[in-house]
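Take a look at the structure below.
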Amino acid sequence: MGGNDNSNGNKVPDGPKRPIFHYMIMFYVIGMILLTLLNAIALPFVVNRSVQEVSYNQFLTMLDEGKVKAVYRGDTELQFTAENEDGREGLYKTGNFPDADLVNRLAQADVYFSEEIPTQVSPIAQFLVQWLLPFVFIFLLGQLFIKRMSTRIGGNAMTFGKSNAKIYAENETGKTFADVAGEDEAKEALKEIVDFLHNPEKYAEIGATLPKGALLVGPPGTGKTLLAKAVAGEAHVPFFSISGSEFVEMFVGMGAAKVRDLFKQANEKAPCIVFIDEIDTIGKKRDGSGMTGNDEREQTLNQLLTEMDGFDGRKGVVILAATNRPESLDQALLRPGRFDRRIPVELPDLRGREAILRVHGKAVKLEDKVDFNAIARATSGASGAELANIVNEAALRAVRMGRKIVSQQDLEESVEVVIAGYQRKGAVIPEKEKRIVAYHEIGHALVAASQSHSAPVHKITIIPRTSGALGYTMQVEAGEKFLMSKEEALDKIATLTGGRAAEEFIFHSITTGASNDIEQATKLARAMITRYGMSEQFGMVALETVTNQYLGGDASLACSPETARIIDEEVVRIVKEQYQKALQILKDNAAKLNELSEYLLEKETITGEEFMEIYTRKNPTADTKETEGES
């Protein structure tokens, strides 16, 4: 009897395995019935007909009656086709008696005549045509049917109820903690699990048991899967890897059967590590409406909860899971005894980013003077996957430039590629618009440089990018910052409005080029009021809730419509005040604005050092007269 063991040791049917076999059996039975009927009714008339022996006189009588259709003469016999009593055509044979007038009689009767008898089908060939070939055709058709069914239900139709987990034997993950950089806290939390798998007797002596599960939580690309593989590589135990979506199937009960099979395999190979990626696919909170009691996803979750309770933690089976949405997980899944530990895998800090860049830099040929610290400072907020992409983009750029080694310039350009896209070298921008873009970007940089709480300007360019940006100003903090003061937030809003302020001040007109600046300034001003408590009117009152903090941080207001109206007024006031502040800074530095813009138009790209050299120069060479009338 087939089936899987549940937590009580009883046999549990494989659920959806039986219906597909019923379909297969029905298909083949119907096919064989049709094949038998075809051989019994149709094929004898097409492939081979039985030969009836008659006397020569009967043949002559049938010929005179006009029933004979064709005659074939051999050495010892005649074969002929003729109508039988029921009007059908039959095959006959008779002795070959000498009859000199036979050919003339056949010609007069308009009967076909041949000097040789057609070769009959051999018994072997008849068997092949009548039985073997049709059976092979039916079998292949059945296999095609099964394949189509398995494609529709998302798996192999012959392996219903079996888990699709990829199993890596000892040392096959190829990863250790040395391959993981920038996540020191997460590694420390997981090292105890590795130690338990190495020395279980040390913990058993004091009565401690291994944590059954650890939940890795963090933004995409931070290395959650890599950490899980590193744990298995360090512990030298088998590693089961499966995605949460692979448990969700079309047939109800199939996901639960896969969970049972996965834990059965894990218990057989204990000690081992089971890694479930994107566990929120099957671990979402169950609603209280009572309308989803038979839902496949809910049954899979219930089975997972049961299995995590049922297996013996002393065997050394560790469940690791990863998710970007911890707030959506069912509370029963997060309680102690199931996922005992919640391990944050956050975006790396400055030191972590530098370490990650060094790890990925080992895979490419780098020049000796590469400064990873500078790249790390320019990539604040980047994940490990994005940093790996930056190193790869730098290597690709070096190949495009015909070099065999990656330079600092390649890495810096790859940072810009990830941020703003590739350069649009073929783009032709009218001189008037190019001038507007130059003043816009210098407006940002001048406002930033004139404030005490702004990050230093790193680079300014007016070369168009594939992201749609016609230019941008890059600011890079000198060190890592974890907090933003109210003064810094206001200065940042002023810097964002500096581009639009420069357009209005110089050209007495505004363009659509500030759309992204407007969006960022508005978002920051609103967050100051609703999330950061930086408004004098509302103070320390939370006015919005944030969901999916690791997937963009969607926010929704949690206040009355009247309060929402006041928030809007506050946002408008903050942005307007900072815009006026930026406009005044540019008016006070009109000469520098013109000089720097002309320099940027000439060079197209300037560094932060070049910008500051001109900005701090006491005797500018550029014309200080305000440019007017250009619109």
Side-chain angles (χ1 to χ4, degrees), residues 17-153 156-158:
K17 182 187 286 188
R18 292 185 176 179
I20 191 66
F21 284 112
H22 285 172
Y23 289 132
M24 292 167 57
I25 292 171
M26 289 175 60
F27 178 84
Y28 286 124
V29 167
I30 293 173
M32 291 305 298
I33 291 174
L34 291 176
L35 177 60
T36 303
L37 291 175
L38 184 64
N39 279 299
I41 299 174
L43 285 180
F45 295 95
V46 177
V47 179
N48 193 18
R49 290 169 292 179
S50 58
V51 181
Q52 182 178 351
E53 188 171 358
V54 296
S55 66
Y56 190 74
N57 290 331
Q58 286 179 304
F59 160 68
L60 294 178
T61 302
M62 295 171 70
L63 178 63
D64 293 338
E65 293 176 352
K67 294 182 178 180
V68 178
K69 304 298 181 183
V71 176
Y72 309 95
R73 183 166 63 184
D75 294 334
T76 60
E77 66 178 6
L78 288 176
Q79 283 193 12
F80 62 95
T81 58
E83 288 184 6
N84 51 29
E85 295 177 356
D86 56 4
R88 295 182 179 181
E89 189 174 284
L91 183 62
Y92 301 86
K93 70 176 181 178
T94 185
N96 185 6
F97 294 94
D99 190 344
D101 196 36
L102 177 61
V103 176
N104 293 332
R105 293 180 64 177
L106 293 173
Q108 291 176 1
D110 196 20
V111 174
Y112 174 78
F113 176 73
S114 174
E115 289 287 350
E116 62 179 51
I117 298 175
T119 304
Q120 295 295 314
V121 179
S122 69
I124 296 177
Q126 183 176 345
F127 172 77
L128 290 174
V129 173
Q130 286 185 257
W131 292 102
L132 187 59
L133 292 180
F135 179 78
V136 170
F137 175 76
I138 291 174
F139 177 78
L140 294 177
L141 194 63
Q143 292 300 309
L144 179 62
F145 167 75
I146 295 169
K147 186 176 181 181
R148 291 291 297 274
M149 285 287 292
S150 66
T151 302
R152 289 191 176 189
I153 62 176
N156 190 344
M158 303 300 291

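- Of the residues listed (Q58, K67, M62), the one engaging Y92 in a side chain to side chain contact (heavy atoms under 4.5 Å, CB included) is M62, and it is the only one.
- Of all the heavy atoms in V111 and V71, the pair that sits closest is CG1-CG2, 3.9 Å.
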Item to complete: Decide side chain to side chain contact (heavy atoms under 4.5 Å, CB included) for T81 and Y112; before the verdict, give the C-alpha distance in whole Å, the side-chain angles of both, and the deciding distance to 0.1 Å.
Response: CA-CA 10 Å; T81 58; Y112 174 78; over 6 Å; no

